[in-house]
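One structure is given below, encoded as structure tokens.
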Amino acid sequence: MTDGDDPRFPMLLPPDTADTAALDDVRAALTGADAVGDLGTDVAATLAWVTSVKRPRSLAATWELFASVAARDVAAARMLEPHLDARAILDQAAAAGLDIDIDASGSWGVFAAEGPGVRLTATQDAGTWTLRGTKPWCSLAADLDRALVTAWVDEERRQLFALDLRDPAVSARSGPWHARGLDRVVSAPIDVDGARAVPVGEPGWYLRRPGFAHGGVGVAACWWGGAVPLRDALAAAAAGERADQLSRVHLGRADVSLWAARAVLVETATAFDAGGAASEGLRANRARTVVADAVETTLAESARALGPGPLVADEDHARRVADLQVYVRQHHADRDLARIGADIAAETSSW
């Protein structure tokens with residue numbers, strides 16, 4: 001499938017958007033994706049395409065790309081998003097005047113998660129930074145070239161570092177990873193024993209930097225795009241000869257949820273691209289929550305309307321459902337709602 005054959009393209013941006021050059025960049029990336037024979041399944045081939053993708057010039061176009069790739073294959077979007085996020089972070093560091101002497105070529109990940117009982121630490125000796133310890137949830141660490149990783153520089157502070165994953169001092173575990181969804185995107189720990197790393201910003205810069213909130217909504221754009229084909233399946237069922245009123249109810253509920261989420265993504269991209277939107281973290285958490293709820297609704301409605309048939313007889317549908325169920329768990333659900341409530345309670349204006 002090419003975007004020229006897809007009436008949904010563009011999925012997020014208005015078709016008459018003035019930024020036609022940005023859409024051309026997205027279209028070129030999608031043409032490359034469509035040339036990959038086993039997009040999302042062949043990890044090496046998919047990552048080769050990922051490294052060829054030019055980062056779009058706006059957030060709106062970037063999120064359009066994420067959504068359109070996820071509509072093709074959820075796992076492919078899961079591979080593309082962190083790579084472009086890492087490149088965006090490096091660009092933000094350069095814009096901030098940070099002098100970072102690294103080889104930025106190849107495929108990239110972003111490893112910033114923490115886990116109980118493990119810790120990655122960074123120490124400096126004669127101007128050289130060295131990492132030691134274990135970092136959990138390192139997606140595709142065995143397949144990527146490099147990553148931006150957070151490490152503890154003392155008991156209270158973390159700092160971002162560029163790490164060469166091919167360094168012999170870095171060992172990527174193969175598991176545990178018993179996932180049925182995103183089974184190709186192994187997200188297991190890495191063990192680091194004295195690997196040299198390059199600092200990217202001072203302690204805390206990763207969280208404070210302009211654009212931190214943007215990355216979280218980019219993930220939500222992937223979720224949203226991955227759910228749109230489920231709406232298409234509901235629409236096909238509702239148009240069938242055996243369709244009844246209930247099939248249209250299921251379609252309508254999914255459609256309204258995804259339509260609302262699309263409007264939120266477009267509005268959020270517009271605000272962020274305009275620069276310096278107030279309360280970016282609150283806006284990002286709201287957007288992620290709206291999209292996550294829409295995806296959960298669409299998953300539930302497709303299961304109730306379509307039954308077990310496509311889950312056991314349609315490989316693409318079954319894989320998409322399984323991938324989305326794992327991917328959307330990056331949303332922190334009630335904890336994110338609590339964070340939103342805390343932010344609103346502390347603000348003079350809730351909107």
Side-chain angles (χ1 to χ4, degrees), residues 38-47 50 70 73-83 85-86 106-122 131-152 158 160-195 197 206 215-216 219-220 222-223 226 288 292 295-296 299 303 311-312 315-336:
D38 293 313
L39 183 70
T41 302
D42 185 332
V43 172
T46 303
L47 287 177
V50 163
D73 186 88
V74 175
R78 180 66 181 83
M79 298 179 201
L80 175 66
E81 185 278 326
H83 173 79
D85 188 35
S107 54
W108 284 79
V110 179
F111 305 154
E114 301 293 336
V118 295
R119 174 172 282 210
L120 186 65
T121 61
L131 304 186
R132 286 185 173 82
T134 298
K135 190 71 171 174
W137 299 107
C138 298
S139 300
L140 292 173
D143 302 284
L144 299 175
D145 297 308
R146 299 173 178 84
L148 296 176
V149 302
T150 54
W152 295 90
R158 288 186 297 168
L160 189 67
F161 295 88
L163 176 66
D164 187 344
L165 297 174
R166 300 165 301 181
D167 189 318
V170 179
S171 177
R173 300 187 196 178
S174 60
W177 190 247
H178 306 297
R180 297 301 182 265
L182 294 179
D183 58 311
R184 289 89 61 214
V185 187
V186 176
S187 299
I190 59 172
D191 298 306
V192 186
D193 186 16
Y206 171 72
V219 173
C222 295
W223 301 338
R288 278 172 61 94
V295 172
E296 297 277 18
L299 285 166
L311 293 175
V312 301
E315 167 65 21
D316 290 342
H317 180 95
R319 182 151 52 91
R320 178 172 300 277
V321 168
D323 287 349
L324 272 176
Q325 286 175 332
V326 172
Y327 201 178
V328 80
R329 292 279 59 81
Q330 285 191 4
H331 178 57
H332 302 125
D334 290 349
R335 287 185 173 83
D336 280 350

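Note: hydrogens, waters and symmetry copies are ignored here, and every other heavy atom, side chains too, is used.
The two atoms that bring Ala151 and Ala122 nearest to each other are CB-CB, 4.0 Å, heavy atoms only. Heavy atoms only, all atoms of each residue included: Thr150 and Tyr206 are closest at CG2-CD2, 4.0 Å. Here the closest heavy-atom approach between residue Leu39 and residue Ala76 is recorded as CG-CB, 3.7 Å. Contact detail for Gln330 and Arg288: the closest heavy-atom pair is O-NH2, 3.1 Å. Counting all heavy atoms, side chain and backbone alike, Ala77 lies closest to Tyr327 at O-OH, 4.3 Å. What you find for Ser139 and Ser187 is that their closest heavy atoms are OG-OG, 2.6 Å.
When side chains are defined from C-beta on, Trp108 does not count as touching Val50, because their heavy atoms never get closer than 4.5 Å. No side-chain heavy atom of Arg173 sits less than 4.5 Å from a side-chain heavy atom of Val186. Between Val170 and Asp164 there is no side-chain heavy-atom pair separated by less than 4.5 Å.
Side-chain atoms of Trp152 and Glu114 form a donor-acceptor pair, as typed in the model, at a separation below 3.5 Å.
Partner of Phe111 under the side chain to side chain contact (heavy atoms under 4.5 Å, CB included) criterion, out of Leu120, Leu144, Leu163: Leu144 alone.
Ser171 places no side-chain N or O within 3.5 Å of a backbone atom of Asp191 that could act as its donor or acceptor partner. A side-chain donor-acceptor contact under 3.5 Å links Asp145 to the backbone of Ser107.
If you take CD on Gln325 and CZ on Arg320, they are separated by 13.0 Å, rounding to the nearest 0.5 Å. Rounding to the nearest 0.5 Å gives a distance of 11.0 Å between NE2 of His83 and CZ of Arg146.
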| task | Report the C-alpha distance between Lys135 and Val118 in whole Å, list the side-chain angles of each, state the deciding distance to 0.1 Å, and finish with yes or no for side chain to side chain contact (heavy atoms under 4.5 Å, CB included). | result | CA-CA 7 Å; Lys135 190 71 171 174; Val118 295; over 6 Å; no
| request: Mind running side chain to side chain contact (heavy atoms under 4.5 Å, CB included) on Leu140 and Met79 for me, showing each step along the way? | output: CA-CA 8 Å; Leu140 292 173; Met79 298 179 201; 3.6 Å; yes
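In summary, Arg184 and Asp323 engage in a salt bridge, as defined by a charged side-chain N under 4.0 Å from a carboxylate O.
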